[in-house]
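We count residues from 1, following the sequence as given.
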Amino acid sequence: LLGNWEVDSYRENGADQTTIFKATYLNYIIKYDASNNYIETYTTAGINTTNAGGWKLTNGGDDFELTNQADNTKRYFHIVELNPSSATITEDNGNKSYNLRKI
């Protein structure tokens with residue numbers, strides 16, 4: 001999971017929403033480092049956004065959670081497939097699926 005990732009494709013409730021995702025979250029990148037910190041950056045409606053905080057593997061490494069340092073909100077993801085240069089993760093009980101590419 002370590003490194004910089006971008007969203008290659010995105011599906012919501014089984015429907016391809018990649019074009020909408022990339023238009024809404026312009027230049028989306030998320031970086032996971034070895035100190036269990038993450039930084040997520042993108043531009044929405046002309047506003048540059050940065051979210052950061054901690055990440056940790058859970059459920060024997062099948063899942064992970066992100067904790068936003070600004071407000072302590074948590075997001076939960078399931079790792080469907082993880083390769084050196086690509087990954088598939090899901091969120092919201094599988095309703096949101098992200099295919100990621102390492103950059």
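When the shell of 6.0 Å around CG of N93 is examined, it contains 12 or fewer heavy atoms from other residues, nucleotides or ligands. The environment of K102 atom NZ is dense: over 12 non-hydrogen atoms of other residues, nucleotides or ligands sit within 6.0 angstrom. A 6.0 Å sphere centred on OH of Y25 holds no more than 12 heavy atoms belonging to other residues, nucleotides or ligands. When the shell of 6.0 Å around CG of L57 is examined, it contains more than 12 heavy atoms from other residues, nucleotides or ligands.
Here the options are W5, Y28, Y10, the test is side-chain contact (heavy atoms from CB on, under 4.5 Å), and the partner is Y98; only Y10 passes.
Two residues are said to be in side-chain contact when any heavy atoms from C-beta on lie closer than 4.5 Å; N72 and T67 meet this criterion. A 4.5 Å side-chain heavy-atom check between R75 and E40 finds at least one atom pair inside the cut-off. At least one side-chain heavy atom of E65 sits less than 4.5 Å from a side-chain heavy atom of K56. In this structure, S86 and D8 have side chains that are not in contact, with every pair of non-hydrogen atoms separated by 4.5 Å or more. With contacts defined as side-chain heavy-atom distances shorter than 4.5 Å, the pair F64/I89 qualifies.
Closest non-hydrogen pair, A87 versus L82, comes out as CB-CD1, 3.7 Å. In plain terms, the two heavy atoms of D62 and H78 that are nearest each other are O-ND1, 3.3 Å. Across all their heavy atoms, T73 and D71 have their closest contact at OG1-OD1, 2.8 Å.
Criterion: ILVMFWY side-chain heavy atoms under 4.5 Å apart, direct or through other members. Under it, I29 and L100 are not part of a common hydrophobic cluster. Both L2 and L66 belong to a common hydrophobic cluster when Ile, Leu, Val, Met, Phe, Trp and Tyr are linked at side-chain heavy-atom distances under 4.5 angstrom. Linking Ile, Leu, Val, Met, Phe, Trp and Tyr residues whenever their side-chain heavy atoms come within less than 4.5 Å leaves I20 and V7 in two separate clusters.
Under the 3.5 Å distance criterion, the side-chain polar atoms of D92 are left unmatched by any main-chain donor or acceptor of G94. A donor-acceptor contact shorter than 3.5 Å links the side chain of D16 to the backbone of T18.
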When you look at N27 and Y42, which way does the side chain to side chain contact (heavy atoms under 4.5 Å, CB included) test go after all the steps?
CA-CA 5 Å; N27 302 316; Y42 55 89; 6.0 Å; no
Set out, in order, the CA-CA distance, both residues' side-chain angles and the distance that settles side chain to side chain contact (heavy atoms under 4.5 Å, CB included) for L1 and Y38, then state yes or no.
CA-CA 11 Å; L1 205 57; Y38 78 92; over 6 Å; no
Working note: T50 + I39, criterion side chain to side chain contact (heavy atoms under 4.5 Å, CB included); need CA distance, chi angles, decisive distance, verdict.
CA-CA 7 Å; T50 300; I39 298 175; 3.9 Å; yes
Apply ring pair (Phe, Tyr, Trp, His ring centres under 6.0 Å) to the pair W55 and Y32, showing each step before the final yes or no.
CA-CA 8 Å; W55 70 272; Y32 303 97; 5.7 Å; yes
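Between S35 and N37, the side chains place no donor N or O within less than 3.5 Å of an acceptor N or O (distance only, hydrogens not considered). There is a side-chain donor-acceptor pair under 3.5 Å between T43 and N48.
Between N99 atom CG and E6 atom CD the span is 12.0 Å, to the nearest 0.5 Å. Between the CG atom of D63 and the OH atom of Y76 there is a distance of 11.0 Å, given to the nearest 0.5 Å. Distance check: T88 OG1 to N83 CG gives 8.0 Å after rounding to the nearest 0.5 Å. Taking NZ from K22 and OG1 from T24, the interatomic distance works out to 12.5 Å, rounded to the nearest 0.5 Å.
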